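Since the structure is predicted, the reported quantities are computational estimates derived from the model, not experimental observations.
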Amino acid sequence: MKNLFLLTVGVLTIISAQGQQRKIAADTMITSQSEVEINGKKVAYTAITGMQPVFDDTGNPVATLHYTYYRKNEKKKGNYAERPLMISFNGGPGSASAWMHLAYTGPKLLTVDDEGFPVMPYGIKDNPYSVLDETDILYVNPVNTGYSRTIPESGKEVKRDKFFGINADIKYLADWLTTFVNRHNRWLSPKYLIGESYGGTRVSGLAYELQAKQWMYLNGVILVSPADYNIFQSDPAISVAMNMPYFTAAAHYHEMLSGEKQATSLQRVLEEAEAFALDELMPAIAKGASLTDEEKEVVAAKMSTLTGIQKTNILRQNLQLSPSYFWKELRRDTDGKTVGRLDSRYTGIERVE
């Protein structure tokens, strides 16, 4: 027996195969007040969570998306023209925005141990590195993630091709975001998209869709551990150069850079890594066989200072340092541990078959 869905007076009722009813309001909003300490300063904010519909061309709701919206309390109420808005997605594509929300940018973090496991009893704590001091944040759960669900017409099946597909996902989310921005009066705010893993694919497409079809121009797009960019991987000059700032940040965290670079602030050393990747590394790899041995030595030496990987090992890789090699090599000569693929702050022991 399949689940049944009913929509009555703005409430989506899900009747399970066991006959249990679960009701989700299709259009609702709950507001609360809280505060968080970020960088040693108290930040008061309004937390808004609820459901907002996706409408069809006739104005009828065809889905309802669950969201959480954090807005810093300003002295001038209602004036958000200069206050940025960051719109956040996780990946999957079947993943809710939970981990961006509760493990990365949100005002609260799940309480976990050093290995990433929950600490009993379960709880949350302030996130001292939340971005809420600088930007308001909207976490969006696409259809069939979190509490978000489609709303079938009476007696009809949901048109899956409206929601489930790369282009379909982008189109309906662009419409939904336009409705949200209208409702919350954020058109004048600087707007940014941030996506993790498959969310990088999603926000890349959304950037175009919002600008081309919704006339919503963005101020930036942020990709967090992006996935599935085969077009970049097909060109080593681009893919290797794109990874350089990541290598530098991970090596800096594990204190594997040389003394001078390690003593430099992360922000400054990242700026140096970005400039090197664009101005020197990318052209060097693009030269291919025409790159002289002397030029290759110079580039490898600079890569070594910015990644913590020995120059001889970089030369063995023909300058094309891959993430999988970096994870295993960075700490090989210190404790033999590998660094995490999804979060390079973590370390582990490589399993040997």
Legend entry - Path from L218 to L173 over hydrophobic side-chain contacts below 4.5 Å: yes

Inset, instruction - Compare all side-chain heavy atoms of L132 with those of N127 and state whether any distance is below 4.5 angstrom. - result: no

Legend entry - Y122 atom OH: more than 12 heavy-atom contacts under 6.0 Å: no

Legend entry - Cationic N near anionic O, under 4.0 Å, R332 to E329: yes

Inset, instruction - Using the rule that two of Ile, Leu, Val, Met, Phe, Trp, Tyr join whenever any of their side-chain heavy atoms come within less than 4.5 Å, decide whether V339 and I309 are in one cluster. - result: yes

Inset, instruction - Taking T64 for its side chain and M51 for its backbone only, find out whether a donor-acceptor pair lies under 3.5 Å. - result: no

Legend entry - Main-chain N/O of L257 paired to Q262 side chain as donor or acceptor, under 3.5 Å: yes

Inset, instruction - Mind telling me whether Y172 and F163 have parallel, tilted or perpendicular rings, with 30° and 60° as the class edges? - result: perpendicular

Legend entry - Where R331 and M256 come nearest, the two heavy atoms and their spacing: CA-CE, 4.5 Å

Inset, instruction - Can you establish whether the number of heavy atoms outside Q33 located under 6.0 Å from its atom CD is more than 12? - result: yes

Legend entry - K162 atom NZ, over 12 foreign heavy atoms within 6.0 Å: yes

Legend entry - Donor-acceptor under 3.5 Å (Y139 side chain, G106 main chain): yes

Legend entry - Interatomic spacing from CD in Q214 to OG1 in T179 - rounded to 0.5 Å: 8.0 Å

Inset, instruction - Please report the C-alpha distance between Y104 and V131 in whole Å, then the side-chain angles of each, then the deciding distance to 0.1 Å, and finally whether the side chain to side chain contact (heavy atoms under 4.5 Å, CB included) criterion is met. - result: CA-CA 9 Å; Y104 189 30; V131 297; over 6 Å; no

Legend entry - Student check: side-chain heavy atoms of L330 and H254 closer than 4.5 Å: yes

Inset, instruction - Let me see the working for N73 and E35 under side-chain hydrogen bond (donor to acceptor under 3.5 Å, both in side chains), right down to the final yes or no. - result: CA-CA 9 Å; N73 294 343; E35 67 176 15; over 6 Å; no

Inset, instruction - Answer yes if F164 and V140 sit in the same cluster of Ile, Leu, Val, Met, Phe, Trp and Tyr residues linked by side chain heavy atoms under 4.5 Å apart, and no otherwise. - result: yes

Inset, instruction - Let me know which of E297, E272, E280 forms a side-chain hydrogen bond (donor to acceptor under 3.5 Å, both in side chains) with K302. - result: E280

Inset, instruction - Could you list who else is in L110's hydrophobic cluster, with ILVMFWY side chains joined at under 4.5 Å, directly or through other members? - result: W99, L102, V112, I124

Inset, instruction - Evaluate whether atom CZ of R183 has more than 12 neighbouring non-hydrogen atoms of other residues, nucleotides or ligands under 6.0 angstrom away. - result: yes

Inset, instruction - Identify the heavy atoms of S304 and I314 that sit nearest to each other, and give their distance. - result: N-CD1, 3.5 Å

Legend entry - Flag side-chain contact, heavy atom, 4.5 Å: S344 against Y253: no

Inset, instruction - To the nearest 0.5 angstrom, please state how far the CG atom of N144 sits from the CZ atom of R149. - result: 5.5 Å

Inset, instruction - Report yes if some heavy atom in the side chain of H101 is under 4.5 Å from a heavy atom in the side chain of S88; otherwise report no. - result: no

Inset, instruction - Determine whether Y129 and M100 fall in the same hydrophobic cluster, where Ile, Leu, Val, Met, Phe, Trp and Tyr are linked whenever their side-chain heavy atoms lie under 4.5 Å apart. - result: no

Inset, instruction - Please determine, by modelled atom types, if S34 and Y70 share a side-chain donor-acceptor pair under 3.5 angstrom. - result: no

Legend entry - OG1 on T49 to NE2 on H66, rounded to 0.5 Å: 3.0 Å

Inset, instruction - Could you tell me which residues satisfy side-chain hydrogen bond (donor to acceptor under 3.5 Å, both in side chains) with D333, sequence neighbours excluded, listed by chain and number? - result: Q310

Inset, instruction - Would you check if the side chain of T111 reaches a backbone N or O of G123 as a donor-acceptor pair within less than 3.5 Å? - result: yes

Legend entry - Residues S197 and N90: side-chain donor-acceptor under 3.5 angstrom: no

Inset, instruction - Could you tell me whether a side-chain N or O of T248 sits under 3.5 Å from a main-chain N or O of M244, the two making a donor and an acceptor? - result: yes

Legend entry - Backbone N/O of W176 and side chain of Q52: donor-acceptor pair under 3.5 Å: yes

Legend entry - Check: I170 and Y208 side chains under 4.5 Å, non-hydrogen atoms: no

Legend entry - Evaluation steps, side chain to side chain contact (heavy atoms under 4.5 Å, CB included), between T347 and D335: CA-CA 10 Å; T347 60; D335 56 14; 5.8 Å; no

Inset, instruction - Using a 4.5 Å cut-off on heavy atoms from C-beta on, say whether the side chain of Y325 contacts that of W327. - result: no

Legend entry - Linked, directly or transitively: Y246 and V221 (ILVMFWY side chains, under 4.5 Å): no

Legend entry - Pair S95-Y198, side-chain donor/acceptor within less than 3.5 Å: no

Legend entry - Test item: N141 side-chain N/O and T145 main-chain N/O as donor-acceptor pair under 3.5 Å: no

Legend entry - V203 side chain near L223 side chain, heavy-atom distance below 4.5 Å: yes

Legend entry - Y69 atom OH: more than 12 heavy-atom contacts under 6.0 Å: yes

Inset, instruction - For residues I151 and A26, report the shortest heavy-atom separation together with the two atoms involved. - result: CD1-CB, 4.1 Å

Inset, instruction - Keeping the roles fixed (side chain from N318, backbone from Q320), state whether a donor-acceptor pair exists under 3.5 Å. - result: no

Legend entry - Non-hydrogen side-chain atoms of K296 and V299 separated by less than 4.5 Å: no

Legend entry - OH/Y147: more than 12 non-hydrogen atoms of other groups inside 6.0 Å: no

Inset, instruction - Ignoring hydrogens and angles, tell me if any N or O in the side chain of E295 forms a donor-acceptor pair with the backbone of T292 under 3.5 Å. - result: yes

Inset, instruction - Identify which one of R83, R71, K191 satisfies the salt bridge (charged side-chain N to carboxylate O under 4.0 Å, His left out) criterion when paired with D136. - result: R83

Inset, instruction - Return yes if some donor-acceptor pair links the side-chain N/O of D126 with the main-chain N/O of E37 below 3.5 Å, else return no. - result: yes

Legend entry - For the student: nearest non-hydrogen atoms of I137 and S130, plus distance: CD1-OG, 4.4 Å

Inset, instruction - Mind listing the closest non-hydrogen atom pair of P142 and D169 along with its distance? - result: CB-OD1, 4.3 Å

